[in-house]
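Data block below; observations after.
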There are 2 protein chains.
Amino acid sequence: MLKGHLDAIVLAVLESGPAHGYAIIEAIRSRSGGTFDLPEGTIYPALHRLEQAALLSSTWTTPPNGRRRRVYALTRNGSARLAEGRKAWSRFAKAVDSSLGGGRAWPA
Amino acid sequence: MLKGHLDAIVLAVLESGPAHGYAIIEAIRSRSGGTFDLPEGTIYPALHRLEQAALLSSTWTTPPNGRRRRVYALTRNGSARLAEGRKAWSRFAKAVDSSLGGGRAWPA
DNA sequence: CTTCCATACCTAGTAACACTAGGTATGGAA
DNA sequence: TTCCATACCTAGTGTTACTAGGTATGGAAG
């Protein structure tokens, strides 16, 4: 369970450049140190949702020796949303830390 | 949205001693620095769920000059689950940090 | 050449979660 | 006695991520 932060994570992956679904799954697995190993049924609907929301744009590409791929790229709205998402995550994480921490959260 | 970590947060509050629903809401608001201001419709079903799962036990109390309250306390299972929840949160938070961070997460 | 695997995409249905929007009841203050 | 804060509750809803299927193709293995 990604608990509502999937969108920001996907946007963060695409910040490094356009990518297609499969590659995004691998990037997330790699970035998360193996913690997030997402099934396709998670990523594809999410990509569609993000494109619907105009945070991503997609183009079909068929590389010379390859299968057809749908490549997604961040839109300007997507960048903005990613920035918001990072702030939201930061706030959220601090709040959970101090709620769970029994008092002593990570020392400043 | 508490994104699946509500249970651990509630358990953490009760680690400091038994409390009733309203008090738990206030404790969470206070611990989270105001970030988590939960409506009752969130907390009560959660408490019932946690008791159902034997992570909490409850007793009705009616203090001399007061309204009836349902006071919840951590069970042994609840303590164990809280420990798991803290570990799960730690893992999750690190994974999101490194997924969002573009590489540089909070420095060790 | 056929068979199989990895790649690559997709969707319908489901379970869980937190929330909205209501409701009941009581102690104490105005 | 009227009203507010306390204190509890639940049915229904929207969102999310997942399960469990499905289609199709390029390349390797036989």
Side-chain angles (χ1 to χ4, degrees), chain A residues 1-11 13 18-30 32 35-53 55-56 58-72 81 85 88-89 92 95-96 99, chain B residues 1-11 13 18-30 32 35-53 55-56 58-72 81 85 88-89 92 95-96 99:
Chain A
M1 264 249 201
L2 280 154
K3 288 132 186 172
H5 301 288
L6 210 210
D7 292 6
I9 291 172
V10 169
L11 296 175
V13 166
H20 66 287
Y22 239 63
I24 293 172
I25 290 177
E26 274 161 32
I28 292 175
R29 184 172 43 233
S30 156
S32 71
T35 300
F36 300 143
D37 194 1
L38 307 182
E40 302 170 27
T42 292
I43 210 72
Y44 290 114
L47 290 171
H48 299 163
R49 188 160 37 82
L50 291 169
E51 186 173 24
Q52 199 73 20
L55 305 177
L56 300 181
S58 75
T59 51
W60 283 102
T61 64
T62 310
N65 305 359
R67 296 152 216 80
R68 88 204 216 282
R69 292 170 170 179
R70 179 120 92 152
V71 171
Y72 290 89
R81 178 70 122 261
W89 163 252
F92 177 76
V96 176
S99 296
Chain B
M1 262 249 201
L2 280 153
K3 289 134 188 171
H5 299 289
L6 212 212
D7 291 7
I9 291 172
V10 169
L11 296 175
V13 165
H20 66 287
Y22 238 64
I24 293 172
I25 289 176
E26 274 161 31
I28 292 175
R29 183 170 45 234
S30 157
S32 71
T35 300
F36 301 142
D37 194 2
L38 306 183
E40 303 170 27
T42 291
I43 210 72
Y44 289 115
L47 290 170
H48 298 162
R49 189 160 36 82
L50 290 170
E51 186 173 22
Q52 201 71 22
L55 305 177
L56 300 181
S58 75
T59 49
W60 282 102
T61 64
T62 311
N65 307 358
R67 300 152 215 77
R68 89 204 215 282
R69 291 169 170 179
R70 179 122 88 153
V71 172
Y72 291 89
R81 178 70 121 259
W89 163 252
F92 176 77
V96 176
S99 297

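Values below: every heavy atom of this structure, side chains too, minus hydrogens, waters and symmetry copies. These numbers come from a predicted model, not from an experiment. Chain naming here is simple, since letters A, B, ... match the order of the sequence lines and numbering starts at 1 in each.
- Taking the side chain of A:P45 as heavy atoms from C-beta on, and the options C:dA8, D:dC8, C:dT11, the nearest nucleotide is C:dT11.
- In this structure, the salt bridge (charged side-chain N to carboxylate O under 4.0 Å, His left out) partners of B:R29, at least two apart in sequence or on a different chain, are B:D37.
- Counting non-hydrogen atoms under 4.0 angstrom, B:R67 reaches a base of the nucleic acid.
- Nearest approach of B:S32 to A:S99, heavy atoms of both residues: CB-OG, 3.5 Å.
- For the pair B:L50 CG and C:dA16 P, the interatomic distance rounds to 14 Å; values are reported in whole Å.
- Rounded to an integer number of Å, the gap from B:F36 CZ to C:dC17 P is 16 Å.
- Put simply, A:R70 has a side-chain N or O that comes within less than 4.0 Å of OP1 or OP2 on C:dC10.
- The CG-P distance, from A:L38 to C:dC9, rounds to 14 Å in whole Å.
- With A:S30 contributing its side chain and A:E26 its backbone, the two residues share no donor-acceptor pair below 3.5 Å.
- Residues A:R69 and A:G41 both approach DNA chain C. Their nearest nucleotides, taken by heavy-atom distance, put A:R69 toward the 5′ side.
- The CH2 atom of A:W60 sits 6 Å away from the P atom of C:dC9 (whole-angstrom rounding).
- At C:dT7, none of the side-chain N or O atoms of A:R68 fall inside 4.0 Å of OP1 or OP2 (strictly under the cut-off).
- Atom NE2 in B:H20 sits about 13 Å away from atom C1' in C:dG27, given to the nearest Å.
- The partner of C:dT20 is D:dA11, by the rule that a Watson-Crick or G-U pair needs both atom distances under 3.5 Å.
- A:I43 places its CD1 atom 13 Å from the C1' atom of C:dA8, with the value rounded to the nearest Å.
- Between A:E51 atom CD and C:dT11 atom P there is a gap of 12 Å when expressed in whole angstrom units.
- Each of D:dT6, D:dC18, C:dC19 was ranked by its minimum atom distance to the side chain of B:Y22; first place goes to D:dT6.
- Backbone-only engagement by B:G21 is indicated by non-hydrogen atom pairs under 4.0 Å involving sugar-phosphate atoms exclusively.
- Side-chain N/O atoms of B:Y44 include none lying less than 4.0 angstrom from OP1 or OP2 on D:dC9.
- Summarising the base pairing, D:dT1 is matched to C:dA30 through a Watson-Crick or G-U wobble pair whose two defining distances lie under 3.5 Å.
- The phosphate of D:dT10 has OP1 or OP2 within less than 4.0 Å of a side-chain N or O from B:H48.
- For A:E40 and C:dG13, the CD to C1' distance is 17 Å, given to the nearest whole Å.
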For B:F92 and A:F36, run ring pair (Phe, Tyr, Trp, His ring centres under 6.0 Å): C-alpha distance rounded to whole Å, both residues' side-chain angles, the deciding distance at 0.1 Å, then the answer. CA-CA 9 Å; B:F92 176 77; A:F36 300 143; 5.8 Å; yes
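- Taking each heavy atom of A:E51 and A:R70 in turn, the nearest pair found is OE1-NH1, 4.0 Å.
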